[in-house]
Amino acid sequence: MAREIDVRRRLPNDIAWIAGIACTGYTVLTILDRGVGVDAHAYWLAWRGPMYTTAPGTPDAYLYSPAFAQALWPLAQLPWPAFAAAFVISTGLLLAWLVRPVGWRWAIPLWLCGLPEIVSGNIFIFMAACAVLGFRKPAFWVLPAFTKVAPTVGPVWFLVRRQWRQLLVFVAVLGVIAGVSYLASPELWQQWATFLVQHAAESAGPIGSAYMPPAIVRFPMGLALVIWSALGDRRWTVPVAMLLCTPVLWLGSLTLLAAIPRIRLDQGLTALPSLPERLRPTPV
């Protein structure tokens, strides 16, 4: 009986290690096939040609606001290998910080699960950090607002909880950055608005993974979840709502959930959502 309980206790962690090893193998194959920084290359390339002429789902398509491209402009002046290295190293370190509260037995396999996102150079790990920091500093929510847009659920949280000061800070920072960016490049903002309208209809079908519900189905679910979360101060579910509201889903999108340990730690809760006593990992 004791052995059976011990096996059940270890099973979730064993599954995490298996998933981490599988993601590591997938990452190696991805690097051999496409190299490092396939998504970050679009950010680096944005200023080296027309910014909004490549459709979503196409290699090197830049989908985000001019403000994000302008913020990255100094870094984009570096040679591509240096730019890619900066993205990969920073996301790797940031993911390690996010999962550290769960202890090394969980943190290592969870970090390995994030390897496909790290080497792709996408921004989901940065958005996960914004979900953690955004409860204390609402200005951090401007990153998802100027990039993937729909996962910007923090302001909804503030609105439901009537945290007017936090909401005002977010709106003010968003407005100032957008205003300065628009004055610098009004034509790019017009092109981005046109780009978003032209491709909005694509949300009616699955984008990124054919096995996931389309964005038009997931968005209301994510909005309902963040409202429910705000009513009960269930902060750790906010990354789940962000995931549901993400326009394009793939394996790397799941790294949004890496925000959960830090959010629970900030609330004085256990790093992982509660498991039945017999399934909890042995403390180390």
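Both backbone and side-chain heavy atoms feed into the values below; hydrogens, waters and symmetry mates do not.
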Using every non-hydrogen atom in the two residues, find where [X] and [Y] come nearest and quote the distance to one decimal.
X      : Y      : answer
Val99  : Ala258 : CG1-CB, 4.2 Å
Pro239 : Ile263 : CG-CD1, 3.6 Å
Leu94  : Ala129 : CD2-CB, 3.7 Å
Pro151 : Met242 : O-CG, 3.5 Å
Val169 : Ala139 : CG1-N, 4.4 Å
Pro109 : Ala16  : CB-O, 3.4 Å

Could you check whether any side-chain heavy atom of [X] comes within less than 4.5 Å of a side-chain heavy atom of [Y], counting everything from C-beta outward?
X      : Y      : value
Asn122 : Lys148 : yes
Pro59  : Val38  : no
Val248 : Pro56  : no
Leu223 : Pro220 : no
Pro261 : Trp106 : no
Thr27  : Thr24  : no
Thr54  : Asp60  : no

Can we call the ring centroids of Phe146 and Tyr64 under 6.0 Å apart?
-> no
Ring centroid separation Tyr43 to Phe68 under 6.0 Å |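 Between Phe68 and Tyr43, which both carry aromatic rings, the centre distance is below 6.0 Å.
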[atom1]/[X] to [atom2]/[Y] distance, rounded to the nearest 0.5 angstrom?
X      : Y      : atom1 : atom2 : value
Ile123 : Thr91  : CD1   : OG1   : 11.5 Å
Leu98  : Arg100 : CG    : CZ    : 12.0 Å
Thr255 : Glu117 : OG1   : CD    : 4.0 Å
Trp250 : Asp39  : CH2   : CG    : 6.5 Å
Trp111 : Leu95  : CH2   : CG    : 7.5 Å
Ile108 : Cys113 : CD1   : SG    : 12.0 Å

Of Trp189, Tyr62, Tyr52, the residue whose pairing with Phe195 passes ring-ring contact (aromatic ring centres under 6.0 Å, His included) =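 It is Tyr52, the one option of Trp189, Tyr62, Tyr52 that forms the ring-ring contact (aromatic ring centres under 6.0 Å, His included) with Phe195.
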Run the numbers on Leu159 and Val156 for side-chain contact (heavy atoms from CB on, under 4.5 Å), then give the verdict.
-> CA-CA 5 Å; Leu159 179 64; Val156 178; 5.5 Å; no
Carboxylate-amine/guanidinium proximity below 4.0 Å for Arg235 and Asp233 |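 Answer for the salt bridge query: yes.
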Listed by chain and number, what are the ring pair (Phe, Tyr, Trp, His ring centres under 6.0 Å) partners of Phe140, not counting sequence neighbours?
->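 Counting only residues at least two positions away or on another chain, Phe140 forms no ring pair (Phe, Tyr, Trp, His ring centres under 6.0 Å).
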Do the side chains of [X] and [Y] join up, straight or via other hydrophobic residues, at under 4.5 Å, putting them in one cluster?
X      : Y      : value
Val102 : Ile18  : no
Leu93  : Met127 : no
Trp164 : Trp141 : yes
Ile89  : Ile118 : no
Leu32  : Val88  : no

Just by distance, do the side chain of [X] and the backbone of [Y] share a donor-acceptor pair under 3.5 Å?
X      : Y      : answer
Trp17  : Arg105 : yes
Trp236 : Arg262 : no
Arg218 : Thr246 : yes
Ser181 : Ile177 : no

Between Phe135 and Trp157, how do the two ring planes meet: parallel, tilted or perpendicular, split at 30° and 60°?
-> perpendicular
Do the ring planes of Trp44 and Trp80 sit parallel (below 30°), tilted (30 to 60°) or perpendicular (above 60°)?
-> tilted
Full working for side-chain contact (heavy atoms from CB on, under 4.5 Å) between Asn13 and Arg10 | CA-CA 5 Å; Asn13 188 244; Arg10 291 170 46 191; 5.6 Å; no
Counting heavy atoms not belonging to [X], are there more than 12 under 6.0 Å from its [atom1]?
X      : atom1 : answer
Arg162 : CZ    : no
Arg234 : CZ    : yes
Trp97  : CH2   : yes

List the steps, then state whether side-chain contact (heavy atoms from CB on, under 4.5 Å) holds for Tyr26 with Leu251.
-> CA-CA 11 Å; Tyr26 173 80; Leu251 183 62; 4.2 Å; yes
Phe87/Phe126 under side-chain contact (heavy atoms from CB on, under 4.5 Å): CA gap, chis, key distance, verdict = CA-CA 10 Å; Phe87 252 81; Phe126 289 103; 4.1 Å; yes
